[in-house]
Number of protein chains: 2
Amino acid sequence: MTVTIYDVAREAKVSMATVSRVVNGNPNVKPTTRDKVNEVIKRLNYRPNAVARGLASKKTTTVGVIIPDISNVYYSELARGLEDIATMYKYHTIISNSDNDSDKEQEIFNNLLSKQVDGIIFLGGTLKDETVELIEKSSVPVVVSGTNDRESKLASVNINYTEASKEIAETLIDNGAKKFAFVGGGYSEKAQDDAFKGLEEALSNAGLKMNNDAKFVGNETYKDGSNAYDAVSKINPDVILCISDEQAIGIVHAAQDAGVKIPEELQVVSFNNTRLVHMVRPQLSSVTQPLYDIGAVGMRLLTKYMNDEKIDEPNVILPYRVEYRGTTK
Amino acid sequence: MTVTIYDVAREAKVSMATVSRVVNGNPNVKPTTRDKVNEVIKRLNYRPNAVARGLASKKTTTVGVIIPDISNVYYSELARGLEDIATMYKYHTIISNSDNDSDKEQEIFNNLLSKQVDGIIFLGGTLKDETVELIEKSSVPVVVSGTNDRESKLASVNINYTEASKEIAETLIDNGAKKFAFVGGGYSEKAQDDAFKGLEEALSNAGLKMNNDAKFVGNETYKDGSNAYDAVSKINPDVILCISDEQAIGIVHAAQDAGVKIPEELQVVSFNNTRLVHMVRPQLSSVTQPLYDIGAVGMRLLTKYMNDEKIDEPNVILPYRVEYRGTTK
DNA sequence: TTGAAAGCGCTAACAC
DNA sequence: GTGTTAGCGCTTTCAA
């Protein structure tokens, strides 16, 4: 029925070992033999069985990807970057959605190991202790992209949220802003905490301080933007810093619906930099993160671990820029 | 090193076959034996090797997904639906991006087959003849979701673009619109052609006809929206029908930048219904496709094929609604 | 440069 | 209800 390596060997009058060598590009094959084998492979339309190969070689050329939600623009852009590099290095990716749920993460993790993946990428999301523990004692390399554990013990790719947040706050303070509000989402607590820290530093340096009611933690959705706005608008902020683009857009619209002029009466800056920032009017001021690259570099880092290459730096920090668009003065 | 079924068998003083039965939930095992085996499995932290299982059983519980671009909101929403159903049925998904490129599609297809996937889902995208041919002679079941071949030979899940388009055109004609423009994208030619057909029918029924310059085919991106607007604005249309949300939003903004009032002077309706439609102001009038369901139902259909269940109807047409929001009068 | 043969870890008859 | 055994299709020593 299906053509196996044995059929090719018989037809080409060589051993299975030789066919295997040809298929795997082993140089120790006489050119004439190689040609003969290749001819038969083509004629019989032989396609190596990756499962059998995986069993024999203990390598599946497959990596697992654990992602909170592939339909979230932020994550799907990371995923695309990762995918492209995986393809470049001849890896396939098994993607599973965790909804940032720790139990699901662990289940997925174990499933991926049972599938014998060569490595795992953990995209975004909050890294709860149990998950970090699982990663630390993993039998295959793991890289986290677009997030990190609190102590940065894991191999990771990220931007410096603290610095970005601080820079934004300083700029806007220089520009006259005094009252800041902060809206975090549920997915990456590390990013949120780091960004909040940067904001606090900038405020403290300027002799300002934040109102206790000025922080809201929501769920990073457009709809939740109006909840966020309702919550923080009580303190009448000059600026709202918001982790998620979708939520920031929700905030902008909620404010506008309430008759607040943006950016004149309220400025909004977000951190995700998905393609959405350009698709709304006024265009959303944001930290421009290299999303595609965060995924791509994470995957590249993982390939290094999988091939036992030298790792210069397990915690990669990628550059960012702040772009002031329509939602800031 | 790693724990195998053999280790468990030895430790539990039973045969491998019995362990296999327990692991696979085969009822022909005495409860006491089952308990004993389960205890050992837990104690040794045994995790079945899915690769070995795949080789022996010729089933990998893995499906391949070929998608034009996971970072495109439309496709990532389909992907999420599909993923959830796959997980529900204990399948994993290997996702690969094709960029709607026929060569890549074929390469991915063959790679997936070599990975011994149990089935393949083809998401969105134009089905070129070579791809259709590949699918037709595939050794594993294939379902196409969110697109179809021109003759509907393949198992598929879709909405009726012709009907939707016709309905919109009729409604807007009743409402006074006379000059229509149409903007298609690169990804799904079938959808585009069907939608165009519906528009033509409605126009013809109303004794109207379309200007030759009123059709533009672009690439479904936000940026391309301004190209599309430049192209079709020459005929001064009352209405632009646009397949892609992103592109439609680009059109709206290009028009607004040119001083055109929306919806008073120009109405815009799109077909994709991604979450973007709510995130712009004015909110985009659109066909509300059940994106998540198109993916989910496609996956469910595929599981039926993979398990040799009875198929009632290989071409599933899902219901749609038209929602008139801010970009129509 | 090539071949023989022993697994990789599991499932699935088949026999008991 | 349980065990024996022959593969699944390939890679990888080891020897020649």
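Put simply, CD on A:Q116 is 9 Å from P on C:dG9, counting in whole angstrom units. One can place CZ of A:R10 at 13 Å from P of D:dG9, the figure rounded to the nearest angstrom. Rounded to an integer number of Å, the gap from CG of A:N26 to P of C:dG3 is 13 Å. Atom NZ of B:K36 and atom P of D:dT2 are 8 Å apart (whole Å).
Listed for the A:S145 side chain is a donor-acceptor partner under 3.5 Å among the backbone atoms of A:I294. A donor-acceptor pair under 3.5 Å links the side-chain atoms of B:T147 to the main chain of B:G125, judged by distance alone. Listed for the B:S138 side chain is a donor-acceptor partner under 3.5 Å among the backbone atoms of B:V140.
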Could you tabulate the donor-acceptor pairs under 3.5 Å formed by side-chain atoms of residues 298-307 of chain B, not counting sequence neighbours?
| unit_1 | atom_1 | unit_2 | atom_2 | d |
| --- | --- | --- | --- | --- |
| B:R300 | NE | B:Y89 | OH | 2.8 |
| B:R300 | NH1 | B:T303 | OG1 | 2.5 |
| B:R300 | NH2 | B:E309 | OE1 | 3.3 |
| B:T303 | OG1 | B:R300 | O | 2.6 |
| B:N307 | ND2 | B:T303 | O | 3.0 |

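Looking at heavy-atom distances under 4.0 Å, B:V14 makes contact with sugar-phosphate atoms alone, never a base.
Side chain to side chain, B:R47 and A:N110 meet the donor-acceptor criterion of an N or O pair below 3.5 Å. Side chain to side chain, B:T93 and B:E83 meet the donor-acceptor criterion of an N or O pair below 3.5 Å.
For the OP1/OP2 pair of C:dG9 and a distance below 4.0 Å, the side-chain nitrogens and oxygens of A:K58 include at least one atom meeting the criterion. For D:dG3, the OP1/OP2 oxygens have a side-chain nitrogen or oxygen of B:T18 closer than 4.0 Å.
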Nucleic acid footprint by protein, nucleotides 10-16 of chain C - heavy-atom cut-off 4.0 Å, B for base, S for sugar-phosphate alone:
BBB----

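A rotation axis mapping the C1' atoms of four pairs onto the next four is fitted at both ends of the helix from C:dT1-D:dA16 to C:dC16-D:dG1 over five pairs, and the angle between these axes is 30° to 10 degrees.
With salt bridges taken as basic N to acidic carboxylate O contacts below 4.0 Å, one links B:D99 and A:R80. In this structure, A:E189 pairs ionically with A:R150, as a charged nitrogen and a carboxylate oxygen lie closer than 4.0 Å. A:K153 and A:E151 are joined by a salt bridge, as a carboxylate oxygen and a charged side-chain nitrogen come within less than 4.0 angstrom of each other.
The side chain of A:T2 approaches D:dG9 more closely than any other nucleotide in the set D:dT2, C:dA4, D:dG9.
The 5' end of DNA chain D is approached more closely, in terms of each residue's nearest nucleotide, by B:R34 than by the other of B:L55 and B:R34.
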